[in-house]
Structure formats: C-alpha cells, structure tokens
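Here the structure comes first, spelled out in structure tokens, and everything after it is commentary.
Just so it is clear, the structure is predicted and the values come from calculations on it, not from any experiment. Here is how names work: the chains are called A, B, and so on, in the same order as the sequence lines, proteins then strands, and each is numbered from 1.
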2 protein chains.
Amino acid sequence: MSVAIENFVKAIYNNNIQDHHDTKPGNIAKKLGISNAAATDMAKKLASKDLLKYEKYQALQLTEAGTKMALNVVRKHRLWEAFLFKLFDMSLHEIHREAELLEHETSDFLANKISAYLGNPKFDPHGDPIPNENGEITTEDHSISLSNAEEGKSYIISRLMSDDKEFFDFCALNGLKYGNAIVVTKQFSKNKMTQITINTNTILLNEDFTNIIYVNEA
Amino acid sequence: MSVAIENFVKAIYNNNIQDHHDTKPGNIAKKLGISNAAATDMAKKLASKDLLKYEKYQALQLTEAGTKMALNVVRKHRLWEAFLFKLFDMSLHEIHREAELLEHETSDFLANKISAYLGNPKFDPHGDPIPNENGEITTEDHSISLSNAEEGKSYIISRLMSDDKEFFDFCALNGLKYGNAIVVTKQFSKNKMTQITINTNTILLNEDFTNIIYVNEA
DNA sequence: AATTAAATTTAAGTATACTTAAATATTTTT
DNA sequence: AAAAATATTTAAGTATACTTAAATTTAATT
C-alpha cells in the first residue's frame with residue numbers, strides 16, 4: 001500500500017480514536033494538507049479496498065482491515081520515536097519529524113528488531129502507547145486531559161499529544177515531560193485555563209494546551 | 001527529489017563508478033526493473049534538470065549535481081547498513097534490503113546523527129566506502145578483484161560488491177567476510193576460476209564471484 | 001559491405017494522487 | 001422555516017512514473 005493510503009488511514013485513526021472528532025473528508029484533508037476533493041476521492045477508493053466505510057456526506061469509519069493498517073503504521077512511528085530518542089540527542093519534535101518519514105519504509109521485520117532492541121516498550125517518548133506486532137494496544141489508559149484534572153491534586157504527565165514544534169519547545173522550556181510530576185493549583189473553568197505548579201514554577205495553560213496534555217493521578 | 005530519481009542517479013553511479021559498464025538506458029532499466037522506454041524518458045527528464053548529460057544513443061553521464069545526489073543517497077544507504085549491522089542481528093542481505101528503502105526517507109540531519117553514533121565510519125559491512133557529508137570519498141582504495149589476485153599470495157577481503165542474497169549466503173557459509181584473511185592457491189586463467197584457502201578450507205570460485213570479491217594484499 | 005540482431009527511441013496509453021472550479025448537499029444562523 | 005454559510009461531491013484536468021508496441025538507430029555477424 002502506498003504512502004498516501006497509509007497516511008490517510010493513520011489520519012482517520014488519530015482523528016477518531018485520539019481526538020474524538022467527527023471524521024469527514026474535510027478534517028482529514030486539513031490534517032494531510034490536501035484538498036477536500038482529493039480526500040473524497042481517496043475515501044471512495046479506500047472504501048472499494050475495504051479499508052473504510054464511506055457513505056456520501058457521512059463520517060468515515062475504518063474497517064477492521066483499515067484499523068489494522070493504521071495501527072501498523074502507528075506502531076512503526078512510535079517505535080522509531082522511542083528508538084531515535086534513546087539513541088540520539090534529538091528533541092520530541094525532531095523524532096516525530098523523522099518518524100513521519102521512516103514509518104512508511106519500515107518492514108515488519110525491522111520494526112520487530114527495533115522493538116526487541118528497546119525491550120518491547122509499551123510507550124513512546126510522548127507517552128503514546130505502542131501497538132504490538134498484531135496491532136493491539138494492551139495497556140489500559142486511565143489518563144485524563146489536564147482540562148479535566150481536579151484542583152489541588154498531584155499528577156504525573158502521561159502523554160503529550162501533539163506534533164507541533166512550538167508546543168514541544170514550550171514543554172521543554174518548562175519541564176513538561178513524560179513522567180514528570182505536577183500539581184493542579186487552580187482550574188479557571190469559565191475561561192478554560194488551568195494553573196499548574198512544576199518544580200516550584202507556576203504556569204497558566206490555556207485550553208489548546210490542557211486538551212493535549214494528559215496526566216495520571218500521582 | 002523523488003525516489004524514482006534518486007534510484008536512477010544511484011543506478012548510474014553504481015554502474016559507472018563501480019561496475020565500469022557503459023551506462024546506457026537499457027542497463028539502468030535492467031537494474032531498476034523498468035522498461036527501456038521508461039529509462040529513456042527519465043534520462044531526458046533528468047537531463048533537463050541538469051543531473052545528467054543525455055545525447056541520443058550515447059552513454060549517460062552524471063553531472064556534478066547528479067553525482068552529488070547519487071553520493072548522498074549512497075551515503076545514507078551505507079550508513080544504514082553499518083548501523084543496522086552493528087545494532088541488530090541482521091545478515092548482509094537483510095541490511096541491504098532495509099537500507100534500500102530507508103535511504104530515501106532519511107534527512108541529512110539524521111544521516112549525520114547515525115554517522116556520529118558510529119564514530120563516522122569510513123566503510124560499511126560490505127567494505128564499501130561511506131561518502132562524507134559533502135559527498136566525498138576520501139579513502140583511497142587499492143584493492144583488486146580476486147580475479148586479478150596473484151597465485152600464492154595472501155590477502156584480506158576488502159569488499160563484497162553485490163546485493164544478491166545467494167551470494168551473501170555463500171559468503172556466510174564459507175567465512176568470506178570483510179576483513180578475513182585468504183590465500184590464493186591457484187589461478188585457472190583459461191577457465192577464469194580462482195582457488196582460495198580460507199580457514200583450512202579450499203574453495204574454487206568462478207568468474208561471477210571473483211569479479212565482485214575485492215581484496216588487499218595482506 | 002550487407003544483412004541480421006539488439007538496443008534505443010518515439011508514440012500512445014495507464015494508474016496514482018493530486019489540483020481547481022462548479023454543483024450539490026448539509027449545517028448554522030437569523 | 002428560510003437564508004446564508006460551510007462542507008462535500010462531482011467534473012475536468014495535471015504531473016509523475018510507469019507500460020506496450022512500433023519505428024528507428026546502432027552494433028554484430030556473416
């Protein structure tokens with residue numbers, strides 16, 4: 001299957017499973033930087049290959065085969081991120097950028113070698129779970145977004161769900177890192193802002209950030 | 001530049017520099033598994049991009065820009081081979097197969113990381129020189145093919161120039177490995193066969209093999 | 001040197017993955 | 001509920017990288 005197809009099913013997977021958006025061609029088009037028309041065309045094509053269900057004007061839904069393909073690509077992406085992060089001195093943004101390319105040219109054979117070398121890790125450096133060889137995510141995720149965290153409680157950062165350089169730069173600058181401890185000192189629910197404390201520093205985060213930073217209770 | 005273009009200039013480079021063949025579209029077509037017509041089309045296209053010189057019915061010649069592109073791809077290929085060989089338990093054939101895909105999706109940035117991690121090696125596991133960041137091969141190569149080796153002399157294997165699984169299987173089985181010592185016990189020049197001794201074993205090699213096994217005097 | 005064989009080139013056509021522009025349907029707003 | 005805004009789809013067209021078949025040129029053989 002082509003890079004275009006792999007990226008298409010991956011985008012649907014991420015949109016559906018991760019972002020819980022409603023997955024119409026337009027959303028995918030925006031994510032992939034292609035026209036809506038191209039996304040509709042591709043959706044029809046993939047429906048004919050039984051990778052997704054397509055009905056005019058309705059949301060796209062991956063079939064079992066489509067989900068499996070998406071998870072296979074996601075697995076390779078996250079394994080590369082974990083591998084590059086461990087071996088080289090690369091930032092979260094850099095590992096994402098490289099993984100985005102390598103994921104499509106990685107055989108299952110090589111992916112398994114990388115996984116074994118790393119001791120079959122369950123999470124990548126963003127805290128995202130790494131599917132196993134069969135495309136299964138066995139780790140249960142009880143983490144919640146910072147926007148839903150409770151005032152006064154302590155948490156451990158479990159996921160940084162983004163691919164934006166500026167966000168990662170901000171995180172690096174402020175010690176927002178997978179595994180680090182924070183305290184939610186105030187929830188400004190009306191303004192959708194969250195105040196947290198990390199290493200004696202107090203930071204006020206807006207909705208854009210609290211929606212993509214996930215945490216577990218400490 | 002596309003994968004097709006990168007593979008095209010790489011094929012010319014290997015044919016020209018390594019195999020010393022006369023590089024007409026047909027040779028390249030055979031290497032790449034495409035039709036002669038496709039190779040002619042591509043040659044014209046790359047000429048318009050100043051990557052090579054094309055004149056009807058004449059041999060193709062890479063320009064400086066074309067050579068640089070080829071060496072950049074070759075660098076990434078050989079770095080991946082060295083890297084995968086060192087880190088994972090993979091055969092010469094397997095590292096070649098994976099490098100063939102990864103080479104096109106590897107940024108210069110990542111190539112430099114891999115190179116630095118390995119201590120900027122000068123050779124890959126086949127004994128092929130790894131071009132530096134500027135596309136230069138600075139190591140002088142005085143090695144000769146086994147077909148030109150002298151009877152009675154001792155040699156060290158310096159290059160195994162192939163991408164054929166069967167050849168590598170044969171090499172692995174018989175201890176023919178980069179860096180290993182051999183003795184040329186007999187040259188059957190009429191039949192273009194060479195007899196060598198390696199680890200007390202005596203092997204008779206035909207022309208196909210003696211042309212792609214390179215050695216240095218011990 | 002003429003004939004034959006082989007390689008190269010041209011021409012016409014295909015699949016993939018896009019594009020823009022126009023038509024149509026859906027959603028949102030009033 | 002109608003109008004306006006937004007999204008989706010259809011239609012037509014493009015670039016890339018191929019294909020096969022026929023024409024042409026070069027190289028090899030006799």
Of C/dT9, D/dT19, C/dT19, the nucleotide closest to the side chain of B/I34 is D/dT19

Rounded to whole Å, the CD-C1' distance (A/E55 to C/dA25) equals 15 Å

Ignoring hydrogens, what is the shortest heavy-atom contact between B/M90 and A/L110? Give both atom names and the distance.
SD-CD1, 4.3 Å

B/L60 CG to C/dA7 P, straight-line distance once rounded to whole Å:
15 Å

Let me spell it out: for each of A/N27 and B/N36, pick the nucleotide of DNA chain D with the closest heavy atom. Which residue's pick is nearer the 5' end?
A/N27

A/I28 atom CD1 is separated from D/dT9 atom C1', nearest whole Å, by 17 Å

Establish, with yes or no, whether the OP1 or OP2 oxygen of C/dT9 is under 4.0 angstrom from a side-chain nitrogen or oxygen of B/Y54.
yes

A/S35 side-chain N/O to C/dT19 phosphate OP1/OP2 under 4.0 Å
yes

Regarding the side chain of A/A37, the nearest nucleotide among C/dT20, D/dA21, D/dC18 is C/dT20

CE of B/M42 versus C1' of C/dT8: gap in Å, rounded?
17 Å

What do the steps show when you test B/T23 against B/N15 for side-chain hydrogen bond (donor to acceptor under 3.5 Å, both in side chains), and what is the final call?
CA-CA 6 Å; B/T23 307; B/N15 207 61; 3.2 Å; yes

Describe the nucleic acid contact of B/A38 in one word from base, sugar-phosphate, nothing, applying a heavy-atom distance below 4.0 Å.
base

Distance below 4.0 Å between B/K56 side-chain N/O and C/dT10 OP1 or OP2:
yes

Between C1' on D/dT16 and CD on B/E6, what's the gap in Å once rounded to a whole number?
15 Å

Rounded distance in Å - OH (A/Y57) to C1' (C/dT28):
17 Å

Which nucleotide sits closest to the side chain of A/K24: C/dC18, C/dT27, D/dT19?
C/dT27

Check the distance between C/dG13's C1' and B/D41's CG and give it to me in whole angstrom.
12 Å

Salt-bridge contact B/K10-B/E103 (side-chain N to carboxylate O under 4.0 Å)
yes

Looking at the rings of B/F85 and B/H126, which for Trp means the six-membered one, are their centres under 6.0 Å apart?
no

Atom pair distance, as rounded to whole Å: CG in B/D22 and C1' in D/dA28:
15 Å

Side-chain heavy-atom pair B/P121, B/R78 within 4.5 angstrom cut-off
no

Looking at C/dT16, I'd like to know if its phosphate oxygens (OP1 or OP2) sit under 4.0 Å from a side-chain N or O belonging to A/K44.
no

